[in-house]
Amino acid sequence: MTDTGAPWVLGVDSGGSGVRFALRRAAPGTAAGTITSKEPVRTGRDGIDAGHLLEQLLPAAQELMLRTGADRIAAVAVGAAGMATLGDALRAELPGALARSLGVRALALAADAVTAYAGALGQRAGAVVAAGTGMIALGTDLATWQRADGWGHLLGDSGGGAWIGRAGLDAALREHDGRPGGSAALLARLHAVFGAPGELPGLLYPRTDRPAVLASFAPEVAGCAATDPVAAGILREAARHIAESAAAVCPASTGEQPQVALTGGLLKLGEPLLAPLRAEFGRRLPQASPTEAAGDPLDGSLLIAAALADGELRLPRDPRMLWIANGVTDHDRVSAKTDQDS
């Protein structure tokens, strides 16, 4: 299919720092027009706020259509943090709303881990680790999805930025108290970043963005790792957790060597984390082929939308991980409601 004849598709990446929208033709190598909103979509007691997402999506889509000259959008793919457990309202409301407002008949609603996977590996079997403030691993043999961790900073996300930051602060406070396992270097960084240790609980516990605050200390741990054995040990343990999650989801047999990719802002910590990660992956996943991520979650949303428009979507469909609405009718909306209630 040529670039000029390919249909237009819209990709959406909704996360904790805002929402990104991109419109391009469903053809390889085509450039995308993009819009970024710094306002994250609200999440309430009923889950992700579908109305709030539509308040941003519809004007962005119309603006991108004006910029590109697109006459219609053939398919939309939305990747959203929390989709798996908090996406019922999106599944119920978005298909009809996009059909009425934009004439869209094909819609994919995906967990952000799925769009991260698609952006990194496309439609190949393998595993992707998305490591930022949190940490989740997702793998597929193209028949089913396997997920490991991603349980949030209180229950898991082991090896992620918040986990590293908390471990670093724990070591700093151990040094302050005179308990074993402390680090003078990390205590000095605690003073520099947060002030007196006694003030830290009051600074941290009332915050609604505690994971981000904890993760802000992860670069301090990485900065101390070259000379401080405690900091280096924290990063080795983080690497072990990340590799364990990747091994848990990597497909065992697909007929070819599975690909494994790492994505996310945590990789910006550089060699203090990457060196132990390479060692752990070599030990725990010798059968896999490490590869650089081809793109990010917005690229993944566009890839899914393009594959959906062309009828070539090979990634596994799943009511929580990758939910598809093709052709929106009253019957489809009733079926969607039945699916979410089951």
Between [Y] and [X], is there a side-chain heavy-atom distance shorter than 4.5 Å?
{"X": "Val249", "Y": "Val129", "result": "no"}
{"X": "Val78", "Y": "Ser301", "result": "no"}
{"X": "Leu23", "Y": "Val9", "result": "no"}

Which pair of non-hydrogen atoms, one from [X] and one from [Y], has the smallest distance, and what is that distance?
{"X": "Ala120", "Y": "Val128", "value": "CB-CG2, 3.8 Å"}
{"X": "Asp88", "Y": "Arg320", "value": "OD1-NH1, 2.6 Å"}
{"X": "Ala26", "Y": "Asp310", "value": "O-OD2, 3.6 Å"}
{"X": "Gly165", "Y": "Phe217", "value": "O-CD2, 3.7 Å"}
{"X": "Val104", "Y": "Ala74", "value": "CG1-O, 4.4 Å"}
{"X": "Leu266", "Y": "Gly159", "value": "CD2-O, 3.3 Å"}

Can you name the residues that form a side chain to side chain contact (heavy atoms under 4.5 Å, CB included) with [X], not counting sequence neighbours?
{"X": "Ala113", "answer": "Ile136, Leu138"}
{"X": "Ser101", "answer": "Leu58"}
{"X": "Leu303", "answer": "Ala118, Gln123"}
{"X": "Thr36", "answer": "Arg20"}

- Answer yes or no: is there an ion pair linking Asp177 with Arg179, defined by an N-O contact shorter than 4.0 Å?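 Here Asp177 pairs with Arg179 in a salt bridge, since their nearest N and O are under 4.0 Å apart.
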- Message: Check Arg166 with Asp157, please: is the shortest side-chain N to carboxylate O separation under 4.0 Å?
- Response: no
Quick one: pull up [atom1] in [X] and [atom2] in [Y] and give me the separation to the nearest 0.5 Å.
{"X": "Leu86", "Y": "Ile48", "atom1": "CG", "atom2": "CD1", "answer": "5.5 Å"}
{"X": "Glu93", "Y": "Leu98", "atom1": "CD", "atom2": "CG", "answer": "11.0 Å"}
{"X": "Met321", "Y": "Thr144", "atom1": "CE", "atom2": "OG1", "answer": "11.0 Å"}

Any pair with a residue in [range] that passes salt bridge (Lys or Arg N to Asp or Glu O under 4.0 Å), sequence neighbours left out, goes on the list, sorted by first then second residue, please.
{"range": "residues 191-208", "result": "Arg207-Asp209"}
{"range": "residues 273-288", "result": "Glu244-Arg284, Glu271-Arg278, Glu280-Arg283, Glu280-Arg284"}
{"range": "residues 64-80", "result": "Glu63-Arg67"}
{"range": "residues 216-239", "result": "Arg189-Glu220, Glu237-Arg240"}

Would you say [X]'s side chain and [Y]'s backbone share a donor-acceptor pair under 3.5 angstrom?
{"X": "Arg314", "Y": "Pro316", "result": "no"}
{"X": "Arg42", "Y": "Asp49", "result": "no"}
{"X": "Arg174", "Y": "Pro180", "result": "yes"}
{"X": "Ser37", "Y": "Gly18", "result": "no"}
{"X": "Asp112", "Y": "Ser14", "result": "no"}
{"X": "Thr43", "Y": "Gly47", "result": "no"}
{"X": "Asp299", "Y": "Leu302", "result": "no"}

ring-ring contact (aromatic ring centres under 6.0 Å, His included) contacts in which one or both residues fall within [range], not counting sequence neighbours:
{"range": "residues 149-187", "result": "Trp163-His241"}
{"range": "residues 96-122", "result": "Tyr117-Trp145"}
{"range": "residues 30-54", "result": "none"}

- Step by step, work out the side chain to side chain contact (heavy atoms under 4.5 Å, CB included) result for Leu57 and Phe21. CA-CA 8 Å; Leu57 189 159; Phe21 307 91; 3.9 Å; yes
- Message: As a test of understanding, state which of Leu53, Leu54, Leu107 forms a side-chain contact (heavy atoms from CB on, under 4.5 Å) with Leu90.
- Response: Leu53
- Query: Does Arg24 have any side-chain hydrogen bond (donor to acceptor under 3.5 Å, both in side chains) partners at least two apart in sequence or in another chain, and if so, which?
  - Reply: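 For Arg24, the residues satisfying side-chain hydrogen bond (donor to acceptor under 3.5 Å, both in side chains) (neighbours in sequence not counted) are Thr30.
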- Task: Would you check, one step at a time, whether the test side chain to side chain contact (heavy atoms under 4.5 Å, CB included) holds for Leu200 with Leu169?
- Result: CA-CA 10 Å; Leu200 186 58; Leu169 291 171; 4.1 Å; yes
- Message: Can you confirm whether the side chains of Glu175 and Ser183 place a donor and an acceptor under 3.5 Å from each other?
- Response: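 Distance-only check fails for Glu175 and Ser183.
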